[in-house]
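Quick notes on the structure that follows.
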Amino acid sequence: MTQFDVDLFIIGAGSGGVRAGRIAAGYGASVLVAEEYRVGGTCVIRGCVPKKLFVYASRFAEEFEDSVGFGWTPGETSFDWSRLVAAKDKEIDRLNGIYIRNLERSGAKIVQSRAEIVDPHTVRLLAEDRLVRAKTILVATGGTPFIMPDLPGRELAISSNEAFHLARLPEKIVVVGGGYIAVEFAGIFNGLGVETTLIHRGDGLLRGFDADMRRTLREEIEKKGIRVLLNETLAGIEKSGDGLIARTNGGEAIACGEVMLATGRRPNTSGLGLEKAGVALDGSGAIVVDAYSQSNVPSIYAVGDVTNRINLTPVAIREGHAFADTVFGGKKISVDHLGVPKAVFSQPEIGSVGLTEEEALAEFEAVDVYQTSFRPMKHTLSGRDERTLMKLLVDADSDRVVGCHILGPDAGEMIQIVAITLKMRATKADFDATMALHPTAAEELVTMRQPTTRHRRTA
Ligand code: FAD
């Protein structure tokens with residue numbers, strides 16, 4: 001008889017946990033996965049997937065407008081929020097089913113319960129008040145929206161979790177935050193006809209992205225009708241009749257139907273029993289792990305958002321896979337966190353990979369910037385005042401392309417491919433040698449001949 005009930009106990013059936021469970025089970029490990037909400041995790045249930053479906057929904061209003069320039073006369077249009085939510089829920093149920101089936105087919109077992117760690121080899125399943133002994137424990141509990149604890153009226157606000165299930169679409173909304181979730185939801189609501197105000201305490205949206213992208217995005221979303229208040233904070237929320245009043249520290253009182261807080265996410269570690277097991281956390285509450293996702297307690301590993309490395313689904317999946325390969329597959333594999341492409345499904349979209357101009361200047365002596373801004377072909381007839389921005393950053397000494405940033409339609413699709421070239425350490429000469437594909441927006445990436453700026457560090 002073995003000392004353990006299972007080889008691997010996974011807490012959380014999200015992107016990282018599901019992948020780790022499937023791969024470990026494939027190597028013959030006995031795997032038990034505990035999920036307290038729904039299998040699939042944030043990305044599938046209340047993140048990337050439903051968000052992108054909402055983004056698609058919100059783009060149609062502009063499509064109808066743009067069609068006029070191409071000879072169309074769209075009829076009367078109307079939008080039914082509850083039909084969208086129901087269609088989205090049906091798709092999420094389908095994906096949830098696929099995730100459950102795939103996990104079970106691999107041989108892993110799922111238990112619907114919150115799980116908490118008791119000691120380095122023991123987990124408690126709260127739903128059954130049962131203890132499970134595991135040789136290895138993987139914490140894959142993801143992140144959770146951060147709501148300012150001292151905000152007056154915080155209970156009146158929603159986070160992205162609730163935004164997916166609003167009973168009614170409000171006429172007016174205040175979205176608070178400057179990160180990608182705030183910007184994406186502001187675009188969704190605005191596109192669906194909601195009068196949208198975006199409040200952000202910083203002096204620019206999307207901290208960490210290239211400055212030109214950040215500035216241009218702000219200009220473009222303002223053109224679309226989103227009111228952007230920067231260097232402004234929310235003082236509190238009050239009820240007013242059927243609606244709410246969002247008060248800012250600058251003295252504004254904004255009447256609205258909903259206030260959505262998208263003010264960051266925190267690693268989901270509270271109440272997990274990690275301290276009892278002696279697992280080290282960093283200042284943000286994230287589990288500190290090494291390159292193989294192992295914590296300071298040898299039997300406890302962690303992958304995904306709970307480690308707060310790069311909080312994206314494909315990263316969590318890779319980390320989960322590498323963990324299973326390392327611990328159960330006899331292949332020591334670490335995840336390369338460099339050159340991870342990022343997209344913001346704002347309107348217009350942003351795709352970004354590699355260094356920002358600021359970062360490139362800090363790292364290299366000589367940086368050439370190739371930048372172009374143009375009106376997408378579609379808008380020559382639609383008449384829409386929207387521009388696409390593209391930027392390549394080149395280390396002038398090696399000629400290597402070290403960053404690429406795109407703002408415009410399909411930027412996410414383009415940047416995925418550009419990311420391969422950066423991973424291959426492509427040079428500007430490689431881009432130049434590549435034949436353009438005409439007529440596309442992407443052809444601009446291989447036809448920018450002259451640097452728009454040459455930075456040279458002076459001694
Ligand atoms: P999660 O997928 O969050 O899974 C954690 C699971 O653990 C959850 O199912 C949770 O219920 C469960 N759990 C937590 N505690 C316990 C417990 N004690 N016991 C049992 N179960 C527990 N990423 C992208 O790459 N692209 C995007 O476009 C994108 N859009 C996003 C939009 C939104 C609104 C949000 C919120 C996130 C988005 N993300 C996106 C981020 C992405 O969802 C996460 O990076 C990813 O889901 C992380 O995977 P994970 O496995 O770490 O955790």
Side-chain angles (χ1 to χ4, degrees), residues 9-21 32-55 92 95-96 99-100 103 110-118 123-127 132 137-146 158-164 175 177 179-186 188 260-274 286-287 289 293 301-321 323 340-346 349-351 412 415-416:
F9 191 106
I10 301 178
I11 309 180
S15 307
V18 168
R19 175 58 70 93
L32 185 60
V33 187
E35 171 54 55
E36 67 177 350
Y37 183 53
R38 293 187 74 188
V39 174
T42 304
C43 177
V44 176
I45 308 296
R46 46 195 184 185
C48 339
V49 176
K51 181 266 310 273
K52 188 88 186 272
L53 295 174
F54 278 12
V55 169
I92 300 310
L95 293 174
N96 171 240
Y99 268 74
I100 292 173
L103 197 50
I110 305 169
V111 54
Q112 175 77 44
S113 173
R114 178 169 173 81
E116 290 175 7
I117 294 174
V118 177
V123 180
R124 181 185 302 281
L125 288 170
L126 270 66
V132 179
I137 297 169
L138 177 69
V139 183
T141 51
T144 183
F146 171 74
I158 59 167
S159 71
S160 59
N161 286 349
E162 292 74 36
F164 290 115
V175 179
Y180 79 95
I181 295 175
V183 167
E184 290 175 342
F185 271 91
I188 289 168
M260 176 177 163
L261 303 180
T263 40
R265 291 175 65 80
R266 292 287 180 273
N268 201 353
T269 47
S270 94
L272 257 189
L274 291 160
I287 299 178
V289 289
S293 296
Y301 288 72
V303 294
D305 288 9
V306 76
T307 62
N308 202 19
R309 285 175 278 184
I310 297 179
N311 298 330
L312 291 172
T313 286
V315 179
I317 291 174
R318 274 279 170 98
E319 290 169 357
H321 201 130
F323 153 78
V340 174
K342 296 184 179 128
V344 181
F345 296 99
S346 46
E349 210 167 283
I350 290 181
I415 214 70
Q416 174 69 84

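Whatever order the structure lists them in is the order used to number ligands and atoms, beginning at 1. Along the sequence shown, residues carry numbers from 1.
- For ligand 1, the atoms closer than 4.0 angstrom to any heavy atom of Asn311 are 41 (C), 45 (O).
- Surrounding CD of Gln112 are more than 12 heavy atoms belonging to other residues, nucleotides or ligands, all under 6.0 Å away.
- When only interatomic distances are considered, the shortest N/O to N/O separation between Glu36 and ligand 1 falls below 3.5 Å.
- Every salt bridge (charged side-chain N to carboxylate O under 4.0 Å, His left out) that Arg309 has, sequence neighbours left out, goes to Glu319.
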(message) Quick one, Asn308 with Asp305, criterion side chain to side chain donor-acceptor pair (under 3.5 Å). Give me CA distance, side-chain angles, the key distance, then yes/no.
(response) CA-CA 5 Å; Asn308 202 19; Asp305 288 9; over 6 Å; no
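- Closest to atom 53 (O) of ligand 1 among all protein heavy atoms lies Gly142 CA, 3.2 Å.
- By the criterion of a heavy-atom distance under 4.0 Å, neither the backbone nor the side chain of Pro145 is placed next to ligand 1.
- Summary of contacts: the protein heavy atom closest to atom 35 (C) of ligand 1 is Ile181 CD1, 3.6 Å.
- More than 12 heavy atoms of other residues, nucleotides or ligands lie within 6.0 Å of NZ in Lys52, so this atom counts as buried by the packing criterion.
- Protein heavy atom in closest approach to atom 11 (O) of ligand 1: Glu35 OE2, 2.6 Å.
- Put simply, part of Ser113 is less than 4.0 Å from ligand 1, judged by heavy atoms.
- A 4.5 Å side-chain heavy-atom check between Val289 and Thr307 finds at least one atom pair inside the cut-off.
- In the vicinity of Leu312, heavy-atom distances shorter than 4.0 Å reach the ligand 1 atoms 23 (N), 24 (C), 25 (O), 45 (O).
- When heavy-atom distances to ligand 1 are checked against a 4.0 Å cut-off, Ala316 comes that close only through its side chain, counted from C-beta outward.
- Proximity of Glu116 to ligand 1, defined as any heavy-atom pair under 4.0 Å, is not found for any part of the residue.
- Counting heavy atoms under 4.0 Å from ligand 1, residue Lys51 touches it through the side chain alone.
- Counting protein heavy atoms only, atom 26 (N) of ligand 1 is closest to Cys48 SG, 3.7 Å.
- For ligand 1, the atoms lying closer than 4.0 Å to a non-hydrogen atom of Leu272 are 18 (N).
- For the pair Asn268 (side chain) and Gly142 (backbone), a donor-acceptor distance under 3.5 Å is absent.
- The Asn268 neighbourhood of ligand 1 comprises atoms 14 (C), 15 (N), with distances under 4.0 Å to a heavy atom of that residue.
- Atom 2 (O) of ligand 1 has its closest protein heavy atom at Thr42 N, 3.0 Å.
- Atoms of ligand 1 lying under 4.0 Å from any heavy atom of Gly16, numbered from 1 in the order shown and given with element: 51 (O).
- At the shortest separation from atom 41 (C) of ligand 1 among protein heavy atoms lies Tyr180 OH, 3.5 Å.
- Ser113 places a side-chain N or O within donor-acceptor distance of the main-chain N or O of Ala127, the cut-off being under 3.5 Å.
- A donor-acceptor pair under 3.5 Å links the side-chain atoms of Thr263 to the main chain of Phe146, judged by distance alone.
- Cation-pi geometry between Arg46 and Phe164 is not met: the NZ or CZ atom fails to fall both under 6.0 Å from the ring centre and inside 45° of the normal.
- Aromatic ring centroids of Tyr180 and Phe345 lie 6.0 Å or more apart.
- Nearest to atom 19 (N) of ligand 1 among the protein's heavy atoms is Ala115 N, 2.9 Å.
- Of the possible donor and acceptor atoms, none in the side chain of Thr144 sits under 3.5 Å from a partner among the backbone N and O of Arg266.
- Of the possible donor and acceptor atoms, one in the side chain of Glu35 sits under 3.5 Å from a partner among the backbone N and O of Ala13.
- For atom 25 (O) of ligand 1, the closest non-hydrogen atom of the protein is Thr313 N, 3.0 Å.
- In terms of N/O distances under 3.5 Å, ligand 1 is approached by Arg114.
- The residue from Thr141, Ile11, Val111 that puts a heavy atom closest to atom 15 (N) of ligand 1 is Thr141.
- Of all the heavy atoms of Asp305, the ones lying under 4.0 Å from any atom of ligand 1 are found in both the backbone and the side chain.
- Between the choices Pro267, Gly47, Gly12, Gly41, the shortest heavy-atom distance to atom 32 (C) of ligand 1 belongs to Gly47.
- The side-chain hydrogen bond (donor to acceptor under 3.5 Å, both in side chains) test applied to Ser159 returns Glu162, not counting sequence neighbours.
- No donor-acceptor distance shorter than 3.5 angstrom exists from the side chain of Arg124 to the backbone of Glu116, with no hydrogens or angles considered.
- Looking at Glu184 and Val344, their side chains come closer than 4.5 Å, going by heavy atoms from C-beta outward.
- The atoms of ligand 1 that sit less than 4.0 Å from any heavy atom of Gly304 are 52 (O).
- Ligand-side atoms of ligand 1 in range of Cys43: 43 (O), 47 (O), range being under 4.0 angstrom from any heavy atom.
- Which parts of ligand 1 touch Pro314 is read off a 4.0 Å heavy-atom cut-off, strictly below it: atoms 25 (O).
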